[in-house]
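Just follow the structure's listing: the first ligand is 1, and inside any ligand the first atom is 1.
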Amino acid sequence: MEGAGPVTDGKGLTLDDLPVRDELRGKSPYGAPQLDVPVQLNTNENPYPLPEPLVARIAERVAEAARGLNRYPDRDAVELRTELARYLSRTGGHPVATENVWAANGSNEVIQQLLQTFGGPGRTAIGFEPSYSMHGLIARGTGTGWISGPRNEDFTIDVAAAEKAIAENRPDVVFITSPNNPTGTAVEAETVLALYEAAQAAKPSLVVVDEAYVEFSHRDSLLPLIEGRPHLVVSRTMSKAFGAAGLRLGYLAAHPAVVDAVQLVRLPYHLSAVTQATALAALEHTDTLLGYVEQLKRERDRLVTELRTAGYEVTESDANFVQFGRFEDSHTAWQRILDRGVLVRDNGVPGWLRVTAGTPTENDAFLDAVRQLKKEQRA
Ligand SMILES: Cc1ncc(COP(=O)(O)O)c(C=O)c1O
């Protein structure tokens, strides 16, 4: 049929034949498998759909925004940043003003804007791995060199080794993820302060505390640490606690000068009027959504207890997911669990897998699968 096929010269041109940047050659894009199985516990999403009253409110606010779609949106997203500042002030243990907050399409875009501003060609960023792999990938995408820093055996940050790596490499950006993905490990305020001091002595550099999962933590937010530390940024997202991964809304809190700096790289009108309206509607329902977070924290703690009872090793978790093991061959274990209709994540941490806390029914299905797996392994 005319026009139905792909446009090609018929010679099997591949990505490698294109004049892409050298550092992208031979690389694969980020992507967790999106498999159609009954129980999907692999991408740290919130399992609860948005409540109907919120869905109705989103429809109302989006309809209002639609009436003005002939115009560009508020480029500075002032109303949204004000509401995000109000949320942070209420829950983060530290007063935050509109000028301290910046928002973008997911915290991935926040991180990208930070690396475009403070990283880039000839500059480097460091993270303590295993951690969120997108930090390194966004570094690559922005031409920033990536340094993989160490962790202890128990996945906490080895402070002395981290300080040494910062002093030796003098990175321009330091990533600290708390709670950490994929391990669930929370970072002590003292550790952040020690690494901040090391980073300032070495360069000075920007320290980004990625708090994507902080609402699920047993501990307080590290947000108060921005006070008096103009090079410290806390990044957050509505993808997890607000159950709005599909919305694509991330934000940061920092000194107003950092917010001014990212204006140099952000695309004009990057945050659509529809996104801003939807996020504002979700923030009106904060209390209901945080109620789901409490349920998920209880489910996360149940997963930790039940996995241990079943004979697994579990990393202490402050997130909405749990790292469990150990497996001689984690990929085979992942496949066995998948064979029972449950999709978990093989993050490439040797010996370990990660499961996201789902609904009680989903978690029961997961626990049945891993108990079975243990029986097979013992047999
Ligand atoms: C540690 C961490 N930071 C940031 C993100 C990105 O979140 P989003 O771009 O959906 O806000 C994720 C997503 O899984 C994450 O695990």
key: Asn44 and Thr356 side chains, donor-acceptor separation under 3.5 Å   = yes
Test item: side-chain donor near acceptor, Ser272 and Thr275, under 3.5 Å = yes
ask   = When you measure from the centre of the six-membered ring of Phe216, is the NZ or CZ of Lys240 under 6.0 Å away and within 45° of the axis?
value = no
task = On the 0 to 90° scale, with breaks at 30° and 60°, tag the Trp334-His331 ring pair as parallel, tilted or perpendicular.
result = parallel
Neighbour list for ligand 1 [protein residues, heavy atom under 4.0 Å] = Gly106, Ser107, Asn108, Tyr132, Thr177, Asn181, Asp210, Ala212, Tyr213, Thr237, Ser239, Lys240, Arg248
query = Under 3.5 Å, is there a donor-acceptor pair between the Asn180 and Thr183 side chains?
reply = yes
ask   = Is there a donor-acceptor contact under 3.5 Å linking the side chains of Thr156 and Thr185?
value = no
